[in-house]
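Report on the following structure.
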Amino acid sequence: MRQRVLSWKEVDALIDHLLPQFMGKFEALLMITRGGIVPGGMIAEALDISYILTASVRFQAELDEKRLGWPVFLQFPADSLVKERRVLVVDDVWSGGRTIMAVCGRVEQAGGRPETSVLHYRPSSSLYKQAGPTYYAAITDAYIVYPWEMSRGAQGISLSLIEPT
């Protein structure tokens, strides 16, 4: 898969592209850890959303067919914190879509109204062909390396081997 290394300037441009898409007021912002923390914080600041929550989801990695695994919620807000609220669910990328869809399902179960936002949408790898993010800044077919991933590397990839595009 082609890789693309982003700069902070490019992330700022993606956020600037997202902001005009948001209509109305969100009553909560739910960041999916880890990828959604940085863009979620940037969006919350720009939209002046102070009601910020986090969700952490893990799927069983040992399954041969990863699409069959049930999510494990390591962290999720109490139902009362999302009930009857319009919730912006933020992650960095929609690749398969399993994580963000699992989070949206939990928000809906709790009586909230989720809408999704990602910096990058990869429809070719989405497991949800009839669905996609409510808001996205760019469509891609590349593996994206965000600037906040640089210090730890990108899933074991040596950053000296990645050429910026």
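Small disclaimer: the values here were computed from a predicted structure and weren't measured. Keep in mind that the numbers below use all heavy atoms, side chains included, and drop hydrogens, waters and symmetry copies. All residue numbers in this chain count up from 1 along the given sequence.
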Looking at [Y], is its backbone amide N or carbonyl O close enough to the side chain of [X] to form a donor-acceptor pair, meaning the two atoms are under 3.5 Å apart?
X	Y	result
S117	V90	no
T116	V89	no
D91	V118	no
S7	E10	yes

Answer yes or no: is there a side-chain heavy-atom contact under 4.5 Å between [X] and [Y]?
X	Y	result
L14	L6	yes
I32	D92	no
L30	V107	yes

What closest approach, in Å, do [X] and [Y] show between heavy atoms, and which atom pair accounts for it?
X	Y	value
W148	G35	CZ2-O, 4.1 Å
G112	P114	O-CD, 3.4 Å
G96	Y128	O-CD1, 3.5 Å
Y143	R122	CA-NH1, 3.6 Å
V11	Y146	CG2-CD2, 4.5 Å
Y121	A131	OH-O, 3.6 Å

- request: Sequence neighbours left out, what pairs pass side chain to side chain donor-acceptor pair (under 3.5 Å) with at least one residue falling in residues 35-51?
  value: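 Pairs touching residues 35-51 that pass the test: Y51-R85.
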message: Show every side chain to side chain donor-acceptor pair (under 3.5 Å) that has at least one partner inside residues 12-29, sequence neighbours left out.
response: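 Of all non-adjacent pairs touching residues 12-29, those that pass side chain to side chain donor-acceptor pair (under 3.5 Å) are E27-R113.
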Spatial distance of atom [atom1] ([X]) from atom [atom2] ([Y]) [nearest 0.5 Å]:
X	Y	atom1	atom2	answer
T140	H120	OG1	NE2	5.5 Å
T99	F73	OG1	CZ	9.0 Å
I52	I37	CD1	CD1	11.5 Å
E108	M101	CD	CE	8.0 Å
L88	L29	CG	CG	5.0 Å
L47	F26	CG	CZ	7.5 Å

message: Is it the case that over 12 heavy atoms from other parts of the model lie below 6.0 angstrom from the OH atom of Y136?
response: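 Counting neighbours around OH of Y136, 12 or fewer heavy atoms of other residues, nucleotides or ligands fall under 6.0 Å, so no.
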- prompt: Going hydrophobic residue to hydrophobic residue with side-chain gaps under 4.5 angstrom, can you get from I100 over to V72?
  reply: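 In one cluster with I100: V72, no.
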